[in-house]
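Each chain gets a letter, A, B and so on, in the order its sequence line appears, and its residues count up from 1. Please read these numbers as outputs of a predicted model, since none were measured by experiment.
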2 protein chains.
Amino acid sequence: MSDQYRLLLNESDIPRQWYNAVADSPAAPAPVLNPQTKEPVTPEFLSALFPMELIMQEVSSDRFIDIPEEVREIYKLYRPTPLMRAIRLEKALGTPAHIYYKYEGASPSGSHKLNTAIPQAYFNKISGTKALTTETGAGQWGTALSISCSFFDMPLEVYMVRVSYDQKPYRRFLMEAYNAQVFASPTNLTQSGRAILAQDPNSPGSLGIAISEAVEVAALSNGQKKYSLGSVLNHVLIHQSVIGEEALKQMDMAGEYPDVVIGCVGGGSNFAGIAYPFLRENLRNGQRTRLLAVEPNATPSLTRGVYDFDYGDTAKMAPIVKMHTLGSDFIPAPIHAGGLRYHGMAPSLSSFYDQGLIEAIAVPQISTFEAGLLFAKTEAILPAPESAHAIRAAIDEALKAKETGEKRVILFNLSGHGNFDLSSYNAYLSGRLVDYDLPEEQISSIREHLPLSQSAPVA
Amino acid sequence: MSDQYRLLLNESDIPRQWYNAVADSPAAPAPVLNPQTKEPVTPEFLSALFPMELIMQEVSSDRFIDIPEEVREIYKLYRPTPLMRAIRLEKALGTPAHIYYKYEGASPSGSHKLNTAIPQAYFNKISGTKALTTETGAGQWGTALSISCSFFDMPLEVYMVRVSYDQKPYRRFLMEAYNAQVFASPTNLTQSGRAILAQDPNSPGSLGIAISEAVEVAALSNGQKKYSLGSVLNHVLIHQSVIGEEALKQMDMAGEYPDVVIGCVGGGSNFAGIAYPFLRENLRNGQRTRLLAVEPNATPSLTRGVYDFDYGDTAKMAPIVKMHTLGSDFIPAPIHAGGLRYHGMAPSLSSFYDQGLIEAIAVPQISTFEAGLLFAKTEAILPAPESAHAIRAAIDEALKAKETGEKRVILFNLSGHGNFDLSSYNAYLSGRLVDYDLPEEQISSIREHLPLSQSAPVA
């Protein structure tokens, strides 16, 4: 066992292949459906949105996919990221547990999102895409894709949820520094945007609306522009596997193996990134690590949503996938973890949860910020509110270990730093934060609005 | 020669001693004077402001000073910082030069300031100090000291220049997240503050005024509170030597040795941090590396200021030191590199410059931001506007090497990231930035206001 604070790998340790956990899933993946026909999508439908290489990854059943050398070259700017032992946090908690965290906030975009933004920009570039469109909420994804597009001289249009556009001008300025064009969504540039504005000219927007706008612009561009998504889809989760592959090597350096691996979940990509390589070790090599997804009480798609086919966006233009969902018309409470305010969950993650291969819990907002600040005061890094969900769960696991006197090895993913979330911390410190709970009525009405339930009621 | 992007050291490579360049100075250091008596200060005068261990470091002529194990333990949270080869920037410039940068923005506070904040908090703690006071402009120093004080359960009062307090609320929230108390300076809590407010109730404040307030509060606290400064003084520069000591090892890993070492200068601490260990190699081991300090055109204390005794603050309460200065009543133009808006320069750096052992240049604001953005688009990291001064000079050196076809090895210090400077980048991108030049009249009147020149005119 090592007593080092930071476990560092060299450039040569950057994985050469991404891991595709779908290949190891005991259950077969559900089909992806065309939102108009509700039949399985054709490659033509998807190719209006994505380049062929990413579509092939999306539907791939290969266990490993080679990382192009051009992508690895850019990964070298910040990967491998450090694995840290949270020795000062352990002491503050007085726990016998060992707490490790993988620090993805060390990337230049400040979060794990760059891990998929770089290959997405790359595969689009080599496929002849002329420009990319995307949506962003809190701005972590938009920032990562802006940086990646600037590397490949690829123009980028970002549809940014209006409330964030107005409240987080600095995030917008950051994307603009890398030459992205940022629009406050809903815009009057798209049919989906105009439809929303017609109902409510002051609409604050939502991630679902912004996705609809970005998808529409790509779909109507005659193949000139493609769409890029920062979570949920399987090719995104595949790219994030670099996190867990590195963490496996670093835990080995530490001379320990985690009893539990923890990550926050919105669409699911950072959790999948750290957890799926450990899931493989569970499924194939007899390990028994618990894999714990942590979501906000306010958007509990895994713990309280239904597992069924649903639209990915508000305007019902994006593909229909089978996932844990709160309904595509769900309006999340205004929690400060903007990256977790999404109605659905990655299909592969939903399936693994359904199969009992991963666990999930939901945590309230206030105690999440409390955990984030305890982490900041002991480990120095101010975490993103999203990542603070993982910290809350890690601290709770460490406190349970203290109660039982058990030596437990805890690993969590610190997916990003909180430099752009200071108004949220200020709201917490000023006592202005509240906890949200989802009323049971809202849960019980989800099924009525699902695309397949309407035509053919689900038992 | 290595072709790695990142050169990483292990925890065990964190230096065990700080380097004190004064020990190797051919010229003897000038005395520090009491601002009231204008005679050399007594230990009693200094001990109202600083704990004895830091005073001993301030006046030390020892070449090396042991780093306490408690300080090294905290350094391990982020040190050693990476040394990066800017391969993508080199390609964009088409230069035969090799450009390396030491990335101090990788620290949890986002800049090099933590290197001295930690030992300052530590030495105060073990000396029984009950609370610290300090000033901050842009907020980098205040953030670093807030984090460090939270590690040692030490209350901290930060006097923050009012214009920054109003314009940069996020920096304030960040300090508050680590429990610091932040005041908009000038306040009505101090005599110095009230004197300024009596003249101008809407005073935007300045670093000089904020220093006066923080010094006054400490000086009048009967030894309960001490004062902490983030640059200029020799003990601060000594602590920053960890940057250059690590860089020496990392350049060795790279199989190269720098022809020129570059840093931006405000008070001088990040430049001294990277450059002094290389100065030692010049003075003692026959190396001939050029050491280049880069200041803004708007505050050219080295290139256009006078070298004489001057006050460190506006209210003339801080010690008088011999330095390159623009006069303690100098009001810097509102450039966006807030950390460089100071009238003076570290005494040791001023002396080395006077002895011809280091070089200095001044650069204009607009081309500095241009350099910062080229760096962001090639190396992904958005630099702090302060650090962009070093980048401007590094790029110019690389372009000269391109002209002459010469292979030059360039090393610069990337002292911090620009996550809190996005309104400045937005001002640049919107064409709202201007260049400032200091009129000759202002320079020629500096001497008239110096403390010793008035009593005894300088030849």
Side-chain angles (χ1 to χ4, degrees), chain A residues 3-12 73-80 82 84-85 87-88 105-110 114 118 143 147-148 150-151 153 169-174 176-179 372-373 376-382 417-430, chain B residues 2-12 73-80 82 84 87-88 105-110 114 118 143 147-148 150-151 153 169-174 176-179 372-373 376-382 417-430:
Chain A
D3 59 352
Q4 289 201 309
Y5 285 78
R6 292 201 299 171
L7 295 141
L8 301 177
L9 298 170
N10 289 313
E11 251 171 48
S12 56
E73 282 295 300
I74 303 183
Y75 278 167
K76 289 178 185 174
L77 290 175
Y78 67 99
R79 300 212 72 84
M84 309 281 298
R85 167 99 182 269
I87 296 177
R88 300 179 63 89
S107 95
S109 78
L114 212 48
I118 295 164
T143 302
I147 294 176
S148 303
S150 93
F151 279 152
D153 283 322
Y170 292 169
R171 269 291 187 190
R172 169 162 65 90
F173 298 162
L174 184 56
E176 289 171 349
Y178 295 95
N179 286 359
L373 279 176
K377 284 172 195 160
T378 50
E379 296 293 315
I381 297 166
L382 190 79
H417 63 60
N419 283 358
F420 294 100
D421 302 285
L422 284 158
S423 55
S424 305
Y425 278 100
N426 179 249
Y428 170 78
L429 290 168
S430 321
Chain B
S2 157
D3 59 352
Q4 289 201 311
Y5 285 78
R6 292 202 298 172
L7 295 141
L8 301 177
L9 298 170
N10 289 313
E11 254 172 45
S12 56
E73 281 297 300
I74 305 183
Y75 277 167
K76 289 177 184 173
L77 290 175
Y78 68 99
R79 301 211 72 84
M84 309 282 297
I87 296 177
R88 300 179 63 90
S107 96
S109 78
L114 212 48
I118 295 164
T143 302
I147 294 175
S148 302
S150 93
F151 280 151
D153 283 322
Y170 292 169
R171 270 290 188 190
R172 169 162 66 90
F173 298 161
L174 184 56
E176 289 171 348
Y178 295 95
N179 285 359
L373 279 176
K377 284 171 195 161
T378 50
E379 297 294 315
I381 298 165
L382 190 79
H417 64 60
N419 283 359
F420 295 100
D421 302 284
L422 284 157
S423 56
S424 305
Y425 278 99
N426 179 249
Y428 170 78
L429 290 168
S430 322

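The OG1 atom of B:Thr143 sits 13.0 Å away from the CZ atom of B:Phe173 when rounded to the nearest 0.5 Å.
For chain B, the option among A:Leu114, A:Asp421, A:Asn179, A:Asn10 with the highest count of heavy-atom pairs below 4.5 Å is A:Asn179. Counting heavy-atom pairs under 4.5 Å between each of A:His417, A:Met84, A:Lys76 and chain B puts A:Lys76 at the top. Of the residues considered (B:Ser109, B:Ala376, B:Ser148), B:Ala376 shows the highest number of contacts with chain A, using heavy-atom pairs under 4.5 Å. Of the listed residues (A:Leu429, A:Leu8, A:Leu174, A:Ile147), the one with the most heavy-atom contacts under 4.5 Å to chain B is A:Leu174. Ranked by heavy-atom pairs shorter than 4.5 Å toward chain B, the options A:Ser12, A:Gly105, A:Pro80, A:Gly372 are led by A:Pro80.
Across A:Ser423 and B:Tyr170, no two heavy atoms sit closer than the pair CB-CE2, 4.0 Å. Between A:Ile87 and A:Glu379, the closest heavy-atom pair is N-OE2, 3.7 Å. The two residues B:Lys377 and A:Ser150 have their closest heavy-atom pair at O-OG, 3.7 Å.
B:Phe420 has its side chain within reach of A:Leu422: a pair of non-hydrogen atoms, C-beta onward, lies under 4.5 Å apart. A:Phe151 places a side-chain heavy atom less than 4.5 Å from the side chain of A:Leu77. Residues A:Gln4 and A:Arg85 fail the side-chain proximity criterion, which asks for heavy atoms closer than 4.5 Å.
Of the atoms belonging to A:Ile381, heavy atoms from both backbone and side chain fall under 4.5 Å from chain B. Proximity to chain B (any heavy atom under 4.5 Å) is shown, for A:Ala106, by neither the backbone nor the side chain. Proximity to chain B (any heavy atom under 4.5 Å) is restricted, for A:Tyr78, to the backbone atoms N, CA, C and O. Using a 4.5 Å cut-off between heavy atoms, A:Arg88 touches chain B through its side chain atoms alone. Heavy-atom distances place no part of A:Ile118 under 4.5 Å from chain B, backbone and side chain included. Of the two parts of B:Leu382, the backbone and the side chain both hold a non-hydrogen atom closer than 4.5 Å to a non-hydrogen atom of chain A. Only the side chain of A:Leu373 comes within contact range of chain B, with at least one heavy atom under 4.5 Å from a heavy atom of that chain. Heavy atoms closer than 4.5 Å to chain B are found in the backbone of A:Thr378, but not in its side chain.
Checked by atom type and distance alone, the side chain of A:Glu11 pairs as donor or acceptor with a backbone atom of B:Tyr5 at under 3.5 Å.
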